[in-house]
**Q** 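Please find one structure pasted underneath; my questions will follow.
Below, read A as the first sequence line, B as the second, and so on, with proteins coming before strands; counting in each chain starts at 1. Keep in mind that this is a model prediction, so the values were computed, not measured.
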2 protein chains.
Amino acid sequence: MAFSKKEEFTKEDMWLADISKALSHPARIRILKILTSMNSCMVGNIVEQLPLSQSTVSQHLKELKHVNLIDGEIDGPRVCYCINNKTLARAKKEMDKLYSIICDC
Amino acid sequence: MAFSKKEEFTKEDMWLADISKALSHPARIRILKILTSMNSCMVGNIVEQLPLSQSTVSQHLKELKHVNLIDGEIDGPRVCYCINNKTLARAKKEMDKLYSIICDC
DNA sequence: ATCGTTCATCGTAAATATACGATAATTAAA
DNA sequence: TTTAATTATCGTATATTTACGATGAACGAT
């Protein structure tokens with residue numbers, strides 16, 4: 001494609017699409033679950049629990065952070081990631097809105 | 001990458017990831033909304049309402065159909081698409097479950 | 001039988017995603 | 001001040017996604 005046409009839609013639809021994209025890999029869904037279940041949330045702990053290399057996990061974390069689904073806080077030589085509940089709550093709200101429009105459920 | 005590692009996760013996480021992927025482009029979200037709002041749902045009507053070519057829209061429809069979010073029924077030379085409420089209801093249920101795990105909302 | 005309409009598929013190009021190892025940057029510890 | 005540990009980034013390879021025009025297949029109408 002010469003260029004993407006994703007900008008030619010409403011901000012709302014684009015935001016939902018971006019959030020959905022962030023959730024479109026099982027590793028990233030898994031990461032969100034891990035961050036919820038663990039007290040500690042440093043990268044190493046996440047890598048341990050996934051069948052992926054450290055660099056790949058780092059990339060997945062970057063994508064989740066990019067849409068603000070998670071936050072990362074530097075803690076010495078480590079980085080502690082955690083869920084961003086504000087974004088997640090907004091995502092749930094917007095998703096519910098979408099489903100209320102397109103589905104009788 | 002030599003090969004994808006998406007199979008090394010739970011069926012549940014993979015299914016959620018696949019549904020999310022289907023929703024990861026604003027055109028596809030728009031299509032679902034159009035299918036809900038219109039009585040008629042032939043491809044031409046959808047193409048009219050999107051800034052994309054017929055072949056591109058056809059590809060997006062294929063992706064939505066692939067995960068059973070929509071059904072297509074042949075009607076003479078036309079194809080009539082509609083929302084698959086069963087899949088959508090399941091998606092809503094599984095998404096709610098995910099959010100209940102990862103978010104206090 | 002031919003023609004026009006409708007839609008999917010093919011071929012293709014460019015962008016993005018996925019994955020890894022290697023390396024750089026940062027900090028704590030020895 | 002080296003060293004070890006931790007994580008991000010770079011470089012790279014391959015796969016997938018997005019987009020389009022062209023073509024083909026199916027059907028109704030003439």
**Q** Check every strand shown and say whether B:Lys65 touches a base, only sugar-phosphate, or nothing at a heavy-atom separation below 4.0 Å.
**A** nothing
**Q** Donor-acceptor check, side chain of A:Ser24 to backbone of A:Lys21, threshold 3.5 angstrom: yes or no?
**A** yes
**Q** State whether the distance check finds a donor on one side and an acceptor on the other, under 3.5 Å, for side chain A:Gln59 versus base C:dA17.
**A**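 Side chain to base: no pair below 3.5 Å.
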**Q** What is the distance from CG of A:Leu61 to P of D:dT7, rounded to the nearest Å?
**A** 10 Å
**Q** Whether B:Arg78 contacts D:dA26 is assessed here as follows: a side-chain N or O lying under 4.0 Å from the phosphate OP1 or OP2. Is that the case?
**A**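 Negative; the distance criterion is not met.
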**Q** Hey, is the main chain of B:Ser55 close enough, under 3.5 Å, to the side chain of B:Ser58 for a donor-acceptor pair?
**A** no
**Q** Quick one: B:Asp75 CG to D:dG28 P, roughly how many Å, whole number?
**A** 9 Å
**Q** Which pair of non-hydrogen atoms, one from A:Leu88 and one from B:Cys105, has the smallest distance, and what is that distance?
**A** O-SG, 4.4 Å
**Q** Expressed as a whole number of angstroms, how long is the span from B:Leu64:CG to C:dC7:P?
**A** 16 Å
**Q** Among all residues two or more places apart in sequence or in another chain, which pass the salt bridge (charged side-chain N to carboxylate O under 4.0 Å, His left out) test with A:Asp13?
**A** B:Lys33
**Q** Quick one: is B:Tyr81 getting a side-chain N or O under 4.0 Å of the C:dT6 phosphate, OP1 or OP2?
**A** no
**Q** Is there side-chain contact between B:Val67 and B:Thr87, with at least one heavy-atom pair below 4.5 Å?
**A**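 Not touching, per the 4.5 Å side-chain cut-off.
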**Q** Could you tell me the separation between the CD1 atom of A:Ile46 and the P atom of D:dT6, rounded to a whole number of Å?
**A**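 Those two atoms, CD1 and P, are 14 Å apart.
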**Q** Calculate the interatomic distance between A:Glu63 atom CD and D:dA8 atom P; express it in whole Å.
**A** 13 Å
**Q** Just by protein heavy atoms under 4.0 Å, how would nucleotides 22-30 of chain C read 5' to 3' in B, S and -?
**A** B----BS--
**Q** Side-chain N or O of A:Lys21 versus OP1/OP2 of D:dT17: is the shortest distance under 4.0 Å?
**A** no
**Q** Tell me the interatomic distance from B:Lys62, atom NZ, to C:dC10, atom P, rounded to whole angstroms.
**A**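 Spelled out: NZ on B:Lys62 to P on C:dC10 is 7 Å.
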**Q** For the pair B:Ser20 (side chain) and B:Leu16 (backbone), establish whether a donor and an acceptor sit closer than 3.5 Å, ignoring hydrogens and angles.
**A**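 Checked: pair present.
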**Q** Report yes if some heavy atom in the side chain of A:Leu69 is under 4.5 Å from a heavy atom in the side chain of A:Leu23; otherwise report no.
**A**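 In contact.
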**Q** Is there a donor-acceptor contact under 3.5 Å from the side chain of B:Thr36 to the main chain of B:Leu32?
**A** yes
**Q** Does a side-chain N or O of A:His60 approach OP1 or OP2 of C:dA17 to a distance below 4.0 Å, or not?
**A**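 For C:dA17, OP1/OP2 do not have a side-chain N/O of A:His60 under 4.0 Å.
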**Q** Scan residues 31-38 of chain B against DNA chain D and write down, sorted by residue number, each residue with any heavy atom closer than 4.0 Å; if none is found, say none.
**A** none
**Q** Rounded to whole Å, how long is the line connecting atom NE2 of B:His25 with atom C1' of C:dA15?
**A** 12 Å
**Q** Rounded to the Å, how far apart are B:Leu23 CG and D:dT17 C1'?
**A**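 To the nearest whole Å, that distance equals 16 Å.
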**Q** Please work out whether the ring planes of A:His25 and B:Phe9 are parallel, tilted or perpendicular, with thresholds of 30° and 60°.
**A**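 Perpendicular, since the angle between the ring planes exceeds 60°.
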**Q** Respond yes when some side-chain nitrogen or oxygen of A:Thr56 is under 4.0 Å from OP1 or OP2 of C:dA19, and no when none is.
**A** no
**Q** Are the side chain of B:Arg28 and the backbone of A:Ala17 linked by a donor-acceptor contact shorter than 3.5 Å?
**A** no
